[in-house]
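The block underneath contains the structure these notes are about, expressed in structure tokens.
The basis for the numbers below is simple: all heavy atoms, side chains too, and nothing from hydrogens, waters or symmetry mates. Reminder, nothing fancy here: chain letters follow the sequence lines and each chain counts from 1.
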Amino acid sequence: MNPDGKTLPMSDSVQKRSLARVRFAPSPTGYLHVGGARTALFNWLFARRQGGTMILRVEDTDAERNKPELVQGILDGLRWLGVNWDEGPFYQSQRTELYRAAAKKCLANGAAFLCYCPAEKYAGGDHTEPAQDEEPKAGGPRRVTRCSCRDGKPSTPGVKPAVRFKVPLGGTTKFLDAVFGEREFSNEEIEDFVLLRSGKNDEEFGQSMYQLGVVVDDIDMRITHVIRGADHLSNTPKQVLLYRALHSEPPVFAHVPLILGADKSRLSKRHGATDVNMYRTDGFLPEAFRNFLALLGWSPGGDEEFLRTKELIDKFSLEGVSRTNAVFDRPKLEWFNTQYLQRLPIEELLPEVEKELKRSGLWKPEWAAGAAPGPEGRDHAWFSRTVDLLRPRIRLLPDFSSWSRAFFSDEFPRDAAAKEKFWKDPKVPELLAKLADTLEKLNEWNHDACDHASRAIAEAGGVKAGLLINATRVAIVGQAVAPPLFDTMVVLGQQRVVRRLRDAVAGFGKA
RNA sequence: GGCGCUAUGGUGCAACGGUUAGCACGUAGCCCUUUCAAGGCUAAAAUACGGGUUCGAUUCCCGUUAGCGCUACCA
């Protein structure tokens, strides 16, 4: 079913679904950047929506900058995000022959030529003579190349040639972009770009360049939709030219806007974390992160924004992709996380909390589902109730270990400022001691019993219930902010509450 | 410099020729009174600028400005 409620004829839709093939093609020159993650997510949502195929391809053709050890982190990041793939990962570094064959084909049919210019000549992009511009600004004047080797320069002895594409001298190159519409570029603006690096040592040719690699692979992998960052928009005509030279039909392109930092400049480390794996270690829930990311540069059309993965898939379409760059807003991401912490079915949240408590060393095996209850009847049901009580006030997973430590461990910090704030009244120690005595004798341990007992003590002592309640909270969890007191008492258990009250009073007396 | 893309509150998105320009985050204030890092309510806050087209422009066209991208034997 489409968002508008219409359905395609079954045979038609099935056929279309099985056809869509998309890919995510990261380069292992860094970690998985949030921008790359968003691109991967869009590809994945599109593939799943269409019932198509998601392919992962590692673009590692630059031996100089490539760091193979970074691949694992990228794959881990994708898995954490829940972005899985149906084919791959394929490595371009292992497909060199394919690219060389394609380059030779271009050479043979006149679409490319051998270039004997030294690599340094073009370094920095100054392809021809400096323009008239008298004062070279940062980067210097630049003009488009029409390499003089293109008409068959005699080979230079001892110089290994690179292969360059022979861009047509006139005319335009156009293509269809699902986001930006029909695009047309003048060929005059496209330089004779390098297809294959010159060979090192005894190689005839070197590694493929980006433009050749993507096109050859996208053809070979039968990619139907190229969904990638808008930074590739200007390079696309080069690729379209290559498709033609290789006698292939270009796919549908879909360039998605970039993600910027708070100052609207390209998102970088100085804006905060850009490595997706940092968000995992910070303790964000993957589904919350996914929801947030999906809404950066895409919208289902209405006002809804809390969309679980299934809804994201159901509603995703290239038509909903925006053409404007988006700023990565961490506070909103954190809001999404709190929403997921509160709204997720508890059984989906529990495993995440379990992982967190294991990480911090607070986890007890008896809290696992199906395990035998531990001391004081603490079992999985207790764990579930406790997490449920805690979660409205949690922002990030590690808060379960730090802010909520008193619920999972008897060793927890007592906040001096909280004590200062709620233990002002000199009657507090006496009241707490009385409360401990009363609570110890309770035959039933539940919210109302704790409530009645506490209020009775407050009344007898001539203070407002709130005073005692706040003081008690500080006494049993060590901090000013926690879930409602009587729920907290129930979860902590009778013995523990009594013990902590007495410990607190003793500590108060000494202080 | 050349070429390209974009332009709705501080931020993310709605409104795809006619709305008092909507929602959310954030911010401020108020309420709840058992704390707040929970919850509820309210407020401030936007169509970059200038021309067209049209009965009517946030919406279509042109220009300006600004931001971003590309302009490598990087991807």
Taking the side chain from A/Asn235 and the backbone from A/His232, do they hold a donor-acceptor pair closer than 3.5 Å?
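Judged by distance alone, no pair lies under 3.5 Å.
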
Whole Å only: how far is the [atom1] atom of [X] from the [atom2] atom of [N]?
X: A/Gln211; N: B/C70; atom1: CD; atom2: P; result: 12 Å
X: A/Glu182; N: B/G4; atom1: CD; atom2: C1'; result: 16 Å
X: A/Arg266; N: B/C5; atom1: CZ; atom2: C1'; result: 14 Å
X: A/Arg146; N: B/G2; atom1: CZ; atom2: C1'; result: 14 Å
X: A/Asp62; N: B/C73; atom1: CG; atom2: P; result: 12 Å
X: A/Asp231; N: B/C74; atom1: CG; atom2: P; result: 17 Å
X: A/Phe193; N: B/C74; atom1: CZ; atom2: C1'; result: 15 Å
X: A/Tyr99; N: B/A75; atom1: OH; atom2: C1'; result: 13 Å

Let me have RNA chain B in dot-bracket notation, would you? Count Watson-Crick plus G-U wobble pairs, both distances under 3.5 Å, and use [ ] for pairs crossing earlier ones and | for inter-strand partners.
(((((((..((((....[...)))).(((((.......)))))....(((((..]....))))))))))))....

Should [X] and [Y] count as an ion pair when the cut-off is N to O under 4.0 Å?
X: A/Lys315; Y: A/Glu304; result: yes
X: A/Lys419; Y: A/Asp415; result: no
X: A/Glu182; Y: A/Lys174; result: no
X: A/Lys160; Y: A/Asp202; result: no
X: A/Glu305; Y: A/Lys332; result: yes
X: A/Arg330; Y: A/Glu334; result: yes

Just so I know, are the side chains of A/Asp217 and A/Leu98 near enough to count as touching, which here means a heavy-atom distance under 4.5 Å?
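A/Asp217 vs A/Leu98: side chains touch.
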
Close side-chain approach of A/Leu341 and A/Phe400, heavy atoms under 4.5 Å
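A/Leu341 reaches A/Phe400 side chain to side chain.
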
With heavy atoms under 4.0 Å as the rule, sort [X] into base, sugar-phosphate or nothing.
X: A/Thr472; answer: nothing
X: A/Ser234; answer: base
X: A/Asn235; answer: base
X: A/His255; answer: nothing
X: A/Phe180; answer: sugar-phosphate

Could you report the tightest heavy-atom contact between [X] and [Y], atom names first, then the distance?
X: A/Gly36; Y: A/Phe24; result: O-CE1, 3.2 Å
X: A/Leu45; Y: A/Ala294; result: CD1-CB, 4.4 Å
X: A/Phe328; Y: A/Phe289; result: CZ-CE1, 4.5 Å
X: A/Thr29; Y: A/Arg65; result: CG2-O, 3.6 Å

Between [M] and [N], how far apart are the [atom1] atoms? Round to whole Å, please.
N: B/U27; M: B/G10; atom1: C1'; value: 9 Å
N: B/A44; M: B/U35; atom1: C1'; value: 29 Å
N: B/A48; M: B/G9; atom1: C1'; value: 13 Å
N: B/A66; M: B/C13; atom1: P; value: 24 Å
N: B/U20; M: B/U58; atom1: P; value: 13 Å
N: B/C41; M: B/G4; atom1: P; value: 50 Å
N: B/A37; M: B/G26; atom1: C1'; value: 15 Å
N: B/G1; M: B/U59; atom1: C1'; value: 34 Å

Less than 4.0 angstrom between a side-chain N/O of [X] and OP1 or OP2 of [N], yes or no?
X: A/Arg65; N: B/A75; value: no
X: A/Ser265; N: B/C68; value: no
X: A/Arg183; N: B/G4; value: no

The side chain of A/Ser27 lies closest to which of these nucleotides: B/G26, B/G4, B/A75?
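Looking only at side-chain atoms, A/Ser27 lies closest to B/A75.
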
Can you tell which of B/A24, B/A14, B/G69 lies closest to the side chain of A/Asp303?
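Selected nucleotide: B/A14.
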
Earlier contact from the 5' end, RNA chain B, for A/Gly301 and A/Asp263:
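Nearer the 5' end of the strand: A/Gly301.
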
Return whichever of A/Ser299 or A/Lys238 has its heavy-atom-nearest nucleotide of RNA chain B closer to the 5' end.
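Final value for this comparison: A/Ser299.
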
Readout for nucleotides 31-38 of chain B: B = base within 4.0 Å of protein heavy atom, S = sugar-phosphate only, - = neither; 5' to 3' it is ---BBBBS

Can you build the contact string for nucleotides 7-12 of chain B? Use B for base contact, S for sugar-phosphate-only contact, and - for no protein heavy atom under 4.0 Å.
S---SB

Does atom CD of A/Gln342 have more than 12 heavy-atom neighbours, drawn from other residues, nucleotides or ligands, at distances under 6.0 Å?
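Counting neighbours around CD of A/Gln342, more than 12 heavy atoms of other residues, nucleotides or ligands fall under 6.0 Å, so yes.
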
